[in-house]
Amino acid sequence: MTIKISLPDGSIREFPSGVKGIEVAKSISEGLARNALAIEVNGTIQDLSRSIDQDASVKILTWNDGGGKYAFWHSSAHLMAEALEALHPGVKFGIGPPIENGFYYDVDLGGKAFGDDDLAALEAKMKELAKKESVFGRREVSKAEALDFFSRKNDPYKLELISELTDGTITFYEQGNFTDLCKGPHIPHTGFIKAIKLLNVAGAYWRGNEKNKMLTRIYGITFPKQKELEGYLHLLEEAKKRDHRKLGKELELFTFSEKVGMGLPLWLPKGTILRERLEQFMRKAQVKAGYDPVVTPHIGSKSLYVTSGHYEKYGKDSFQPIRTPDEGEEFLLKPMNCPHHCEIYNSKPRSYKDLPIRLAEFGTVYRYEQSGELHGLTRVRGFTQDDAHIFCRPDQVKEEFIKVIDLVLHVFKSLGFENYTAQVSLRDPANKEKYIGDDELWDRAEREIQEAADERGLKTVAVKGEAAFYGPKLDFMVKDALGRSWQLGTIQVDYQLPQRFELEYVGSDNQRHRPVMIHRAPFGSLERFVAVLIEHCAGNFPLWLSPDQIAVLPISERFNAYAEDVFNTLKALDIRGFLDDRDEKIGRKIRDAEVKKIPYMLIVGEKEAAERKVAVRIHGKGDAGTMPFDQFVVEFKSSSAAPEN
RNA sequence: GCUGUUGUAGCUCAGGGGUAGAGCACUUCCUUGGUAAGGAAGAGGUCGUGAGUUCAAUUCUCAUCAACAGCUCCA
């Protein structure tokens, strides 16, 4: 009996039924078979050693396919486990999956610490075992057999996993002396793994639950060639150079002080310029979009948050209330601006004709983030949201939501953010007690968000369990230099707070109605946005944002007077920069300005002073020639304007 | 918050039971130089903080604080 196998190029080949993946690969080419790691059969990735007994469309997976990499790293995790068991007999295994860059394995070392020396020894053992070219063998086992195997091995984690599996679907994989519960797929043998680097050790809760025991997680990455590993490590080094914490220090944008407190950023003068430019850009965009700026205090009565529900939800693990000395009244540092804005809405009766009302505020909020979560400017305890709350009629929700999407996209586009993910953050249906409000309104809000996103042709990813406790969100996620994902912009539909704050408007029917709230922050927080912006442009800010736009560099002290004249003219035109009149050679001044990533350098000497010219040098590009100073000013002014709103 | 690692000059880092070192930055002097580091001299640290062991601690031990990596969390 023969079966028809169709290949990615559209061709169809016939094979005897039961043909193995590797044989299909060989029939295409020897080279492909040599590099083949796994095979995709009708969309399912499986081992090359498995037989195919029906017509199928297949794709041979190599290192160049995501699926091939995953099988490779998955097998690498098994190799690491084998090495670990050889070095540390009795170790218990949790899970060991492939991840975006490499793999990890969670293990229980019985309380033994695992340090750098252990890591190096493990890596060496892996290299040794890889050379044995141990074949990854797949075996179907009964549940009883699986339970028996791991109870004899005394591995409670595997037993827990097996107990949740259905009999008849359980498989073991074996290579060398190591056997693991695993559904595969795996690469043919360990010999493919030529380059190995174990990266770090960290704690990780069993099954991601902080009530469970913490296991030791060992991260590693492997490659088929040593050169690829070197390339990857080089890439990591380069990414570290873009880290906003490093650049923030080098470019003197912000700092932290132990005395002030952890997670409380101090914005230095240059960082403040950057931040204020962004604020100004947003203010203009918002005025144009019909927002009314408001200002509210940094603290609010505890009862405000009891009403909003935030106190019940977050009160325990927040900064504790401030008490007034005489009356003993309790106030909280505001963790968000919405309750204040609700009370602004409530300050007078509203008519349906007034809606939507859009209240915007750069509101600084304080949240007691867990100490281990603090991270540069991306996760801090005091930060400023470019917050606004839109109060609208139910029939206006979608239109308003779409307008906000447009605003967010405009902001992202103006700043060159193209690699974002639009995430529809829904509630977790399995944990409804985490949320307030009834199902009907939740369903409605979730539907409205998805529809608005679809209407704007936004590609979205829906993620359950990511909603706020009062409503679903549309979040704009952006990755940092090291590949970690952060939420920037967010738009949320909320039916709950208007109820809790008893917000009302009088409709055309002369009846009282409840408005809907849309929470939104295009930047999210200025702090996090600046952090991601720094990493995005590696500190080479667009001209309109750059804290220093121009450095004026006289060739020698003899031309300081002319340089000062040039500098003062720029200053009078609101162009930011500095005059470097130090007693240094021009090469040195240029180098220092380049290191500081100053976009433009104006070099002035005898020739320039005589003709009122400037020699222009552009950061990262070099000498751009000499031109009349007045001409430079005109051209600079037009290229340094903030994006149109 | 949890697990692990780290903490030495403004920055980047070396060192090590007998009260500390480099490069850059900084100060002064010399130099007046045309597109990425001119030369010389000088100043600067109770080695994160607190306890313990020791004749002696920056070095060893413990605690604490902070940073880093990951986990958990993120209104």
Side-chain angles (χ1 to χ4, degrees), chain A residues 104 106 109 111 113-116 118-119 199-219 240 243 245-246 249-250 252 255-259 261-263 305 308-315 317-318 334-339 365 367-376 378-381 385 387 425 436 466-471 473 475 482 484 486-487 490 492 494 497 519 528 553-560 583-595 601 603-608 615-626:
Chain A
Y104 66 80
D106 284 347
L109 291 157
F114 198 84
D116 288 346
D118 299 297
L119 207 60
L199 298 162
N200 49 48
V201 181
Y205 300 108
W206 168 237
R207 314 206 87 174
N209 186 334
E210 66 179 321
K211 296 199 174 75
N212 288 343
K213 182 166 182 182
M214 181 161 272
L215 305 179
T216 303
R217 176 171 294 181
I218 306 171
Y219 283 91
K240 276 187 193 152
D243 191 313
R245 292 166 297 185
K246 185 175 158 65
K249 190 181 273 177
E250 286 171 2
E252 298 181 358
T255 190
F256 289 89
S257 153
E258 281 191 33
K259 275 194 183 138
M262 60 165 112
Y305 303 100
S308 71
H310 289 98
Y311 189 78
E312 191 192 344
K313 182 85 180 144
Y314 296 105
D317 30 46
S318 284
K334 72 173 168 185
M336 80 292 301
N337 306 297
C338 24
V365 297
R367 298 178 181 178
Y368 180 80
E369 304 287 1
Q370 295 183 10
S371 59
E373 267 316 319
L374 300 174
H375 185 98
T378 51
R379 196 79 184 270
V380 287
R381 285 181 167 172
Q385 297 175 315
D387 208 359
S425 299
I436 57 171
E466 289 295 309
F469 72 91
Y470 51 76
K473 311 188 283 175
D475 294 325
L482 294 169
R484 293 174 287 220
W486 299 97
Q487 175 200 306
T490 180
Q492 311 167 3
D494 181 5
L497 288 194
H519 307 240
R528 183 176 288 178
L553 313 179
I555 296 280
S556 86
E557 275 175 19
R558 284 167 42 221
F559 314 108
N560 279 357
D583 176 15
E584 290 291 349
K585 291 170 103 169
I586 193 63
R588 177 50 177 275
K589 294 182 184 181
I590 287 170
R591 183 192 141 78
D592 289 347
E594 288 282 356
V595 168
M601 286 151 271
I603 294 145
V604 294
E606 189 163 14
K607 286 176 284 190
E608 290 77 16
V616 181
R617 183 188 164 100
I618 302 172
H619 170 61
K621 291 194 182 126
D623 195 346
T626 301

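Every chain is numbered from 1, with letters handed out A, B, ... down the list of sequences.
- Of the candidates B:U35, B:C71, B:U32, B:U35 carries the atom nearest the A:I603 side chain, counting heavy atoms from C-beta on.
- Pairing for B:G45 is absent, judged as Watson-Crick or G-U wobble with the two contacts each under 3.5 Å.
- With C1' as the reference atom, B:U59 and B:U8 are 11 Å apart, rounded to whole Å.
- Listed candidates were B:A67, B:A36, B:A69. Nearest to the side chain of A:E594 is B:A36.
- Side chain of A:R617, nearest nucleotide from B:C68, B:U35, B:C74: B:U35.
- Judged by ring centres under 5.5 Å apart and planes tilted less than 30 degrees, A:Y314 stacks against the six-membered base ring of B:A75.
- Between A:Y205 and B:C2 there is no side-chain polar atom (N or O) within less than 4.0 angstrom of OP1 or OP2.
- Side-chain N/O atoms of A:E252 and base N/O atoms of B:G10 include no donor-acceptor pair closer than 3.5 Å.
- For A:R484 and B:G70, the shortest distance from a side-chain N or O to OP1 or OP2 is below 4.0 Å.
- When each of B:A75, B:A69, B:G34 is scored by its nearest atom to the side-chain atoms of A:I586, the top-ranked nucleotide is B:G34.
- The pairing partner recorded for B:U19 is none, the criterion being a Watson-Crick or G-U wobble arrangement whose two distances lie under 3.5 angstrom.
- With both ends at atom C1', the span from B:U28 to B:U64 equals 43 Å, rounded to whole Å.
- Between the side chain of A:R245 and the base of B:C68, no donor-acceptor pair under 3.5 Å is found.
- Across all strands shown, B:C74 has no partner, as no Watson-Crick or G-U wobble contact with both distances under 3.5 Å is found.
- The base of B:G33 sits with one of its N or O atoms less than 3.5 Å from a complementary donor or acceptor on the side chain of A:D583.
- When the nearest nucleotides of RNA chain B are assigned to A:A468 and A:G263 by heavy-atom distance, the more 5′-ward of the two goes with A:G263.
- Of the nucleotides present, none pairs with B:A56 by Watson-Crick or G-U wobble criteria with both distances under 3.5 Å.
- Of the nucleotides present, none pairs with B:G34 by Watson-Crick or G-U wobble criteria with both distances under 3.5 Å.
- Contact check, A:R381 against B:C74: no side-chain N or O comes under 4.0 Å of OP1 or OP2.
- Residues A:Q385 and A:N337 meet the side-chain proximity criterion, which asks for heavy atoms closer than 4.5 Å.
- Using a 4.5 Å heavy-atom threshold, the side chains of A:E466 and A:Q487 count as separate.
- Applying the 6.0 Å contact sphere to CD of A:E250 captures more than 12 heavy atoms from other residues, nucleotides or ligands.
- Checking B:A36, B:G34, B:U3 against every side-chain atom of A:M214, the shortest atom distance belongs to B:U3.
- Taking atom P in both B:U27 and B:G17, the straight-line distance is 38 Å, to the nearest Å.
- Atom CD1 of A:I555 and atom P of B:A36 are 11 Å apart (whole Å).
- Both distances falling under 3.5 Å, in either a Watson-Crick or a G-U wobble arrangement, place B:A40 opposite B:U28.
- Distance CH2 (A:W206) to C1' (B:G70): 17 Å, rounded to an integer number of Å.
- Summarising the geometry, the separation between NZ on A:K589 and P on B:U32 is reported as 14 Å, rounded to the nearest angstrom.
- For A:I590, taking side-chain heavy atoms from C-beta onward, the closest of the listed nucleotides B:A36, B:G34, B:A75 is B:A36.
- You'll find that the side chain of A:R367 is closest to B:A75, out of B:A75, B:G33, B:A36.
- When distances are taken from the side chain of A:R591 to each of B:A36, B:U3, B:G33, the shortest belongs to B:A36.
- The backbone N or O of A:A202 sits nowhere less than 3.5 Å from a side-chain atom of A:R217 that would complete a donor-acceptor pair.
- Look at A:K246 and you won't find any side-chain N or O under 4.0 angstrom from OP1 or OP2 of B:U12.
- Heavy-atom nearest nucleotides on RNA chain B were determined for A:P554 and for A:G587, and the one closer to the 5' end corresponds to A:P554.
- Comparing B:G34, B:A66, B:U32 by their nearest atom to the side chain of A:E258 picks out B:A66.
- At the phosphate of B:A66, neither OP1 nor OP2 sits under 4.0 Å from any side-chain N or O atom of A:K259.
- Contact between the side-chain N/O atoms of A:R558 and the OP1/OP2 oxygens of B:G34 is not found at any separation under 4.0 Å.
- Across all strands shown, the partner of B:A67 is B:U5, judged by Watson-Crick or G-U wobble contacts whose two distances both fall under 3.5 Å.
- Close to B:A67, at under 4.0 Å from its OP1 or OP2, lies no side-chain N or O of A:H375.
- The closest side-chain heavy-atom distance from A:T490 to A:H519 is not below 4.5 Å.
- One finds no side-chain N or O of A:T216 lying less than 4.0 angstrom from the OP1 or OP2 phosphate oxygen of B:U3.
- Going from atom CZ of A:R379 over to atom P of B:C68 covers 13 Å, rounded to whole Å.
- Closest contact between the side chain of A:E369 and the listed nucleotides B:C74, B:A69, B:G34 involves B:C74.
- Atom name P, nucleotides B:G23 and B:A40: the rounded distance is 11 Å, in whole Å.
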